[in-house]
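Here the structure is laid out as structure tokens; the discussion comes afterwards.
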Amino acid sequence: MKRNTEKSAEQLSDERREQIKRAALKVFAIRGIEGTKMSMIAAEAGISQGLSYRYFNSKEEIFSLLVQEAIDEAQSAIRTVSELPGTPKEQLLAFTQRMLDDNHKYHFLLLQHGFTSEVVPLQAKLSLEQYKPEETIEHFVPLFTKGQERGEFRTGDPQKLLFLYFSVVTGLMLQHYDLPPNYWQQQVSDLMRIIMK
């Protein structure tokens, strides 16, 4: 019986940490690290500020952890795009839907704050230095080339099409319009007309 109680306490602790991290991700994405206080994270999580300090020592600790998780997620999505099922067109549509998911948008905005803020914690800076934008080109140009060969994508320089694609998608993630949840995710087919036939 004691073992079950211990497991439940550990499980509850893990769930509480995740709850705080989810709340922090949203607050950091909207306000940046400079505009965020632990009290705001606690309020978003629906817990007391004192309780939040039982799980994390500071907002800097949470920010650094979330930056590393966002980088890991972005790199995983980029490295596995060619493993998604279907044709290049279907693979890019699936990848775009994932990028425009509301949770991914918060990760993207968090990374934007990480790259542009002057008060980024050292641990987050070290994580951001691992992020290699050239890896995106390495994984996506072959996808675009294959899509062109199959007649699914427009003709032209694949790197220029890739730049256009990411410019549009990241631009949409930066918008702060009051739209229904996952609005842009539902418009993916229309968005893809900029590079697809």
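- Taking a 6.0 Å sphere around NZ of K59, one finds it holds more than 12 heavy atoms contributed by other residues, nucleotides or ligands.
- Here the NE2-CG distance, from H139 to L162, works out to 12.0 Å after rounding to the nearest 0.5 Å.
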Subject >> Verdict with reasoning, I195 to F144, per side chain to side chain contact (heavy atoms under 4.5 Å, CB included) >> reply: CA-CA 9 Å; I195 57 166; F144 275 57; 3.8 Å; yes
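- Contact detail for P121 and S64: the closest heavy-atom pair is CB-OG, 3.5 Å.
- Q159 places a side-chain heavy atom less than 4.5 Å from the side chain of V141.
- Of all heavy-atom pairs between R17 and Y55, the closest is NH1-O, 3.0 Å.
- Between the side chain of T170 and the backbone N or O of F166, at least one donor-acceptor pair lies under 3.5 Å.
- Y53 and I20 fall within the same hydrophobic cluster, defined by Ile, Leu, Val, Met, Phe, Trp and Tyr side-chain heavy atoms under 4.5 Å apart, directly or through other members.
- Environment of CZ in F163: sparse, with no more than 12 heavy atoms of neighbouring residues, nucleotides or ligands closer than 6.0 Å.
- To the nearest 0.5 angstrom, L128 atom CG is 10.5 Å from Q123 atom CD.
- Under 3.5 Å, the side chains of Q97 and D101 contain no donor-acceptor pair of N or O atoms.
- Minimum heavy-atom separation, E73 to H104: OE2-ND1, 3.2 Å.
- Residues V67 and S127 approach most closely at CG1-CB, 4.1 Å, considering heavy atoms.
- The distance from the CZ atom of F56 to the CD atom of E61 is 6.5 Å, given to the nearest 0.5 Å.
- One distance of note links OG1 of T155 with CD of Q148; it measures 7.0 Å at 0.5 Å rounding.
- Residues satisfying the side-chain hydrogen bond (donor to acceptor under 3.5 Å, both in side chains) test with R150, not counting sequence neighbours, are none.
- Checked by atom type, the side-chain pair Q91/S82 shows no donor-acceptor distance below 3.5 Å.
- Residues V169 and L164 fall within the same hydrophobic cluster, defined by Ile, Leu, Val, Met, Phe, Trp and Tyr side chains chained together at heavy-atom separations under 4.5 Å.
- When hydrophobic clusters are built by joining Ile, Leu, Val, Met, Phe, Trp and Tyr residues whose side-chain heavy atoms come closer than 4.5 Å, directly or via intermediates, V119 is grouped together with I62.
- For the atom pair F153 CZ and L92 CG, the distance stands at 5.0 Å (nearest 0.5 Å).
- Taken to the nearest 0.5 Å, the CG atom of L25 stands 10.0 Å off from the CZ atom of R22.
- Side chains of R16 and Q19: a donor-acceptor N/O pair is present below 3.5 angstrom, by distance only.
- The pair K146-E149 does not meet the salt-bridge criterion, since no charged nitrogen lies less than 4.0 angstrom from a carboxylate oxygen.
- Tracing side-chain contacts under 4.5 Å through hydrophobic residues (I, L, V, M, F, W, Y), one never reaches L66 starting from L126; they form parts of separate clusters.
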Listing, residues 107-114 side-chain donor-acceptor contacts under 3.5 Å, not counting sequence neighbours, or none:
unit_1 : atom_1 : unit_2 : atom_2 : d
H107   : ND1    : N103   : O      : 3.2
H113   : NE2    : F28    : O      : 3.4
H113   : NE2    : A29    : O      : 3.0

**OP:** Just do the side chain to side chain contact (heavy atoms under 4.5 Å, CB included) check on S58 and M38 with the steps written out, would you?
**Re:** CA-CA 7 Å; S58 65; M38 282 294 278; 5.7 Å; no
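- Linking ILVMFWY side-chain heavy atoms closer than 4.5 Å, directly or via other members, places F140 and I194 in a single hydrophobic cluster.
- Using the six-membered ring where Trp is involved, Y165 and F95 have ring planes that are tilted, between 30° and 60° apart.
- Here the shortest heavy-atom pairing between K125 and V120 reads CE-O, 3.4 Å.
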**OP:** Could you please spell out the steps behind the side chain to side chain contact (heavy atoms under 4.5 Å, CB included) verdict for M40 and R31?
**Re:** CA-CA 10 Å; M40 295 173 180; R31 304 181 69 91; 3.4 Å; yes
**OP:** Assess whether side chain to side chain donor-acceptor pair (under 3.5 Å) is satisfied between E152 and T87, documenting all intermediate values.
**Re:** CA-CA 9 Å; E152 295 179 337; T87 67; 3.0 Å; yes
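- Between L161 and G156 the shortest heavy-atom distance is CD1-O, 4.5 Å.
- Side-chain contact check for P158 versus L143: every heavy-atom pair is 4.5 Å or farther apart.
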Original post:
Can you list the steps and then say if I47 with S52 is a side chain to side chain contact (heavy atoms under 4.5 Å, CB included)?
Top reply: CA-CA 7 Å; I47 61 172; S52 67; 3.9 Å; yes
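- Salt-bridge formation is detected for the pair R79/E135: a Lys NZ or Arg NE/NH1/NH2 atom is positioned less than 4.0 Å from an Asp or Glu carboxylate oxygen.
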